[in-house]
Amino acid sequence: MAKYLAQIIVLGGQVIGRAFARALKQEYAASQEAARRGGGGRQGANRAEANAKSGITLEEAQQILNVSKLDPEEVQKKYEHLFAVNDKSKGGSFYLQSKVFRAKERIDQEMKSQGIIKNKTAETETKSEDSSGGGDKTKG
């Protein structure tokens with residue numbers, strides 16, 4: 001009886017050991033893939049920092065807003081649509097609306113770091129100058 005019990009324990013230990021080794025290999029491969037996608041170096045560090053700060057990866061943000069490339073007009077259009085659809089007053093979900101907002105925020109961070117969009121305050125100032133009609137042109 002003790003002989004069979006010892007065999008069961010040894011076989012169980014071997015199975016658990018193999019499963020642990022396989023899981024370790026998969027985790028290592030996944031971390032290598034994540035490092036490769038992150039770009040490595042300073043760019044990878046910046047992306048990891050942005051992911052940690054916003055709590056969402058760029059890929060996840062793109063999936064939420066259903067955009068494949070970082071095009072400011074397309075992102076804004078999808079954001080406005082999804083934000084309006086998920087408005088709580090229209091029977092939508094506040095949770096989904098907040099996910100849409102965070103996704104837009106993460107994509108904006110990435111576009112800003114890549115130089116696709118400028119600082120939001122600069123855009124706002126430009127728009128207000130355009131709508132005011134050029135400022136001091138009437139004086140003179």
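Side chains are part of it too, since the values below use all heavy atoms of this structure and drop only hydrogens, waters and symmetry mates.
- Residues Lys78 and Val67 approach most closely at CG-CG1, 3.9 Å, considering heavy atoms.
- In this structure, Leu82 and Ile64 approach most closely via the heavy-atom pair CD1-O, 3.5 Å.
- For the side-chain hydrogen bond (donor to acceptor under 3.5 Å, both in side chains) test, no residue two or more places apart in sequence or in another chain qualifies with Asn66.
- Donor-acceptor pairing under 3.5 Å is lacking for the side chains of Gln63 and Glu59.
- Ala103 and Ile56 get closest at one heavy-atom pair: CA-CD1, 4.2 Å.
- Rounding to the nearest 0.5 Å gives a distance of 9.5 Å between CE of Met111 and CG of Leu58.
- Gln114 approaches Leu70 most closely through the heavy-atom pair OE1-CD1, 3.7 Å.
- With values rounded to the nearest 0.5 angstrom, Leu96 atom CG is found 12.0 Å from Lys88 atom NZ.
- Salt-bridge check for Asp108 with Lys104: passed, with a basic side-chain N closer than 4.0 Å to an acidic carboxylate O.
- Classification of Glu110 and Arg106 as a salt-bridged pair holds, one side-chain N sitting under 4.0 Å from a carboxylate O.
- Shown here for Phe83 and Val100, the closest heavy-atom pair between the two residues is N-CG1, 4.1 Å.
- The CD1 atom of Ile107 lies 11.0 Å from the CG atom of Asp71; values are rounded to the nearest 0.5 Å.
- Taking CZ of Phe94 as the reference point, atom CG of Asp87 lies at 10.5 Å (rounded to 0.5 Å).
- Between atom CD1 of residue Ile8 and atom NZ of residue Lys3 there is a gap of 12.5 Å, rounded to the nearest 0.5 Å.
- The line from CZ of Phe20 to CD1 of Ile16 is 11.5 Å long, rounded to the nearest 0.5 Å.
- A salt bridge links Arg102 with Glu105: at least one charged nitrogen is closer than 4.0 Å to a carboxylate oxygen.
- Residues Gln62 and Ser68 have side chains not in contact (no heavy-atom distance under 4.5 Å, counting atoms from C-beta outward).
- Atom CD of Gln14 has more than 12 heavy atoms from other residues, nucleotides or ligands within 6.0 Å.
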